[in-house]
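Just so it is clear, the values below take in all heavy atoms, side chains as well, and ignore hydrogens, waters and symmetry mates.
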2 protein chains.
Amino acid sequence: MTVTPVKPTLQDIAEQAGVSTATVSRVLNDRPGVNDDTRSEVLRVAKEIGYVPSITARGLATDRTYNLGFVTYKRDPQPISSYHLNIIEGIDQAARESGCHVITTYVKREDMTDLSNFSMFREQRVDGLILAGPALKTSFIMGLYNSHLPIVLLDNLLSGLEIDAVVCDNRAGTYSITSHLIEAHNLRRLVFLSGPSHWFSSKERREGYEHAMREIDQKPEVFYMPDTTMNTGYDTTRDALKLFPDLEGIVAVNDASALGAIRALKDHGLDVPHDTAVVGFDNVTWGPLNEPALTTVRMFKREMGFQAARRLIDIIERSAPRGFQLRLGTELIIRESCGCPREASEPFYTDFGS
Amino acid sequence: MTVTPVKPTLQDIAEQAGVSTATVSRVLNDRPGVNDDTRSEVLRVAKEIGYVPSITARGLATDRTYNLGFVTYKRDPQPISSYHLNIIEGIDQAARESGCHVITTYVKREDMTDLSNFSMFREQRVDGLILAGPALKTSFIMGLYNSHLPIVLLDNLLSGLEIDAVVCDNRAGTYSITSHLIEAHNLRRLVFLSGPSHWFSSKERREGYEHAMREIDQKPEVFYMPDTTMNTGYDTTRDALKLFPDLEGIVAVNDASALGAIRALKDHGLDVPHDTAVVGFDNVTWGPLNEPALTTVRMFKREMGFQAARRLIDIIERSAPRGFQLRLGTELIIRESCGCPREASEPFYTDFGS
DNA sequence: AAAATGATTGTAAGCGTTTACATCAGTTAT
DNA sequence: ATAACTGATGTAAACGCTTACAATCATTTT
């Protein structure tokens, strides 16, 4: 059947349809100024010979790659965070809708020191970049920004810069979940487990917590952690317990550290949520599986990814004005770790179902 | 500083070094037959003007994209499985080592019906494809295979075909974990929760279980599930309980369904592992956090991804002979859900840490 | 009837590489 | 001294598209 698996080109269509390559190109790109009969004939031939455009050739001619880059951080030996999975899903969809594909890469700390390590990427592979997460170095981001490659930040923001970003309303999120602990469960002595103070989302989340605390004239107590992993959440909770033995609740900057906190409290002989409430932020898929099921703030990661990609494509294709910041809302997910009664159980949308 | 952000080309190097583009190309590709002085001068100029090759142009000339595709299945509304994360990590690394990048995409059921839906990918975007997981349709894979695009399967195998694959030793894995239940915990009445019977890994895993059961002259009891999610594991376990009220243990085809099984047993008033043992396969990151911590079989996913990518690159670059099958070993991870005592706790390498 | 307009199509020059082939200057062999 | 080789380099044609510009022809306008 496929004796000569030689790919048909624009040229071939042109010959068989008896027109020039220019016309074929116009038809294939839906450009105006082609007679309807010609158009349909070209389309027919294209279909008949199974034509597929060469993205490479098109790329060379138009100075594009039709690829979007998704860059995020990886800390050895931790695995890549599943946090990104939903984001990628959104990015992938938006990309498809515009005929783009997504190249994903995971940079380590050392990869960020010199941009030229990253040059294959930066210079040639993609039309633009989505940079996700708080752990990417500012100097790294700035370098990219200065290179004039279109970039959009996701769940991060560099203040004072005309740099596009999509984030969620971190402040409102922690404010509402902290308020929930205060109002629904009558708790007051709450501490906040924060990520590094210069991380954008940590900072905003802390502010939401502080705001809620001040409303009841309670002094905010913040623990800054070097990272926001479960292990660190565990360790930091032990510290917190020493300083505040009468702790009533922990507001964690993310779910991972919240889960660590719960472990630490349990190991310390405390009951969660009876003795101490714990809440997180992120709504990881394991949340409902934990005992107690984790109360948390959901961020719409899929949507964030989608919007970030959309934005990036706008910049690339329409050279849209830069410096947009899109802030998405959040949703309070009440489960048990705050002290609420168990609800009818939700289906398990775990992300490891194969 | 960057007044004219115009990318230097081969041409520019050639002019400044006073040689032809052919020579520059030879130098840049480490080809022999260039005088040492010329070579170093070219290199110097290239560095000085900050030259970076255009992968697109090179691609057009060499008929390559220097991109690898990673394709896997996504079932709405389930999120993308974190199962892939470790695999991707391995792929990414191997790709980098060969100057390639990885384009990831998630196909849905309907995307697989017609290969031309997938054509952008198939024909132009990548030099080869890694197809992961058991849920990709055989017709889809066959279509790709027949298109002469280099592909390698991961955690899947199409028998009777000269198609490259990297898999793990599923049989040995379930055999050893089933034997563990039998020998260490003296259990006999064990059922197997299987994925669809035509899924490669499910089939092999079932065989390992059956082998162990036959060794003790016990009739294997297999439940075929339509998928291997936690929800389905939950439901199927309820069914199993009806048929076999005196069940002593469940060997699940993967961790997700094992976790669902544990839930179902608990909801049924049974204690795991005291009344019923449960074991999984995969070693997902949630395993150690579950109560009881999950006993399972570890597959070296990172390594599998790495090897698959390596293989693919070999095929692409050296047109290595086709039809290799690489089978990696597994590792028994003993935790509590089989009935073993709690060990000193491992660090939490969750995959949701920030 | 000449000129202007507009719609359709073609021509050909890129885009930045690679590479088959040609060239040229030294060597070495005759 | 000529022929034959070698090693280093250059020439120019691809690769498969896009697109500025030119050309053609049928209508309209004057």
Side-chain angles (χ1 to χ4, degrees), chain A residues 5-43 45-46 49-67 99 119-120 123-127 316-317, chain B residues 5-43 45-46 49-67 99 119-120 122-125 127 316-317:
Chain A
V6 108
K7 240 167 273 175
T9 70
L10 244 184
Q11 194 59 262
D12 298 330
I13 302 183
E15 277 163 23
Q16 290 198 34
V19 296
S20 73
T21 59
T23 300
V24 177
S25 175
R26 281 189 275 259
V27 171
L28 262 24
N29 291 305
D30 263 332
R31 293 215 201 300
V34 178
N35 181 40
D36 279 351
D37 292 345
T38 316
R39 183 179 295 272
S40 46
E41 172 62 5
V42 166
L43 255 20
V45 173
I49 66 177
Y51 172 77
V52 187
S54 158
I55 217 80
T56 311
R58 177 183 295 180
L60 187 58
T62 59
D63 197 26
R64 289 204 41 194
T65 65
Y66 302 92
N67 282 142
S119 70
M120 308 215 61
E123 294 292 355
Q124 307 301 332
R125 245 23 185 263
V126 295
D127 297 331
I316 294 167
E317 296 192 340
Chain B
V6 108
K7 241 168 271 176
T9 71
L10 246 184
Q11 195 59 260
D12 298 329
I13 302 182
E15 278 164 22
Q16 289 198 34
V19 296
S20 74
T21 59
T23 301
V24 177
S25 177
R26 281 189 274 260
V27 171
L28 262 24
N29 291 305
D30 264 332
R31 293 213 201 301
V34 178
N35 181 40
D36 280 351
D37 291 345
T38 315
R39 184 179 295 273
S40 46
E41 172 62 6
V42 167
L43 255 20
V45 173
I49 66 178
Y51 172 77
V52 187
S54 158
I55 217 84
T56 311
R58 175 182 297 179
L60 186 58
T62 59
D63 198 25
R64 287 204 44 195
T65 65
Y66 302 92
N67 282 141
S119 69
M120 310 216 59
R122 187 190 70 202
E123 295 291 356
Q124 306 301 332
R125 242 29 184 261
D127 296 331
I316 295 167
E317 296 192 342

Presence of B:Tyr51 side-chain N/O under 4.0 Å of C:dT17 phosphate oxygens OP1/OP2: yes
Whole angstrom value for the distance that separates P of D:dT18 from CD1 of A:Ile13: 10 Å
Protein-nucleotide distance (A:Arg64, atom CZ; D:dT18, atom P), rounded to Å: 12 Å
A:Asn67 and A:Arg125, any side-chain heavy atoms less than 4.5 Å apart: no
Beyond-backbone contact of B:Tyr51 with B:Val45, side-chain heavy atoms, under 4.5 angstrom: no
Nearest-Å distance for atom pair CG/P, residues B:Leu60 and D:dT18: 12 Å
N or O in side chain of A:Thr9 less than 4.0 angstrom from D:dG16 OP1/OP2: no
Protein-to-nucleotide contact annotation, 5' to 3' order, nucleotides 18-23 of chain C [B base; S sugar-phosphate only; - none; under 4.0 Å, heavy atom]: BB----
Heavy-atom check, side chain of A:Leu43 versus side chain of A:Val27, under 4.5 Å: yes
B:Asp12 CG to C:dC15 C1', straight-line distance once rounded to whole Å: 13 Å
Distance in angstrom units between B:Asp37 CG and D:dA8 P, rounded: 11 Å
DNA chain D: 5'-proximal contact among A:Thr56 and B:Gly18 (nearest heavy atom): B:Gly18
A:Asn35 CG - C:dT9 P separation (whole Å): 5 Å
Heavy-atom pair of closest approach, residues B:Leu60 and A:Thr56: N-CG2, 3.4 Å
Nearest-angstrom distance from the residue atom CD of A:Gln11 to C1' of C:dG10: 13 Å
Minimum heavy-atom distance A:Ala17-A:Glu41, with the two atoms named: CB-CG, 4.2 Å
Value in whole Å for how far the C1' atom of C:dC15 lies from CD1 of A:Ile55: 15 Å
OP1 or OP2 of D:dG16 under 4.0 Å from side-chain N/O of A:Ser54: no
Sugar-phosphate, base or nothing in reach of B:Thr38, heavy atoms under 4.0 Å: sugar-phosphate
Qualifying salt bridge (Lys or Arg N to Asp or Glu O under 4.0 Å) pairs with a residue from residues 51-65 of chain B, counting only residues at least two apart or across chains: B:Arg64-B:Asp127, B:Arg64-B:Glu317
Minimum side-chain heavy-atom gap A:Ser54-A:Thr9 below 4.5 Å: no
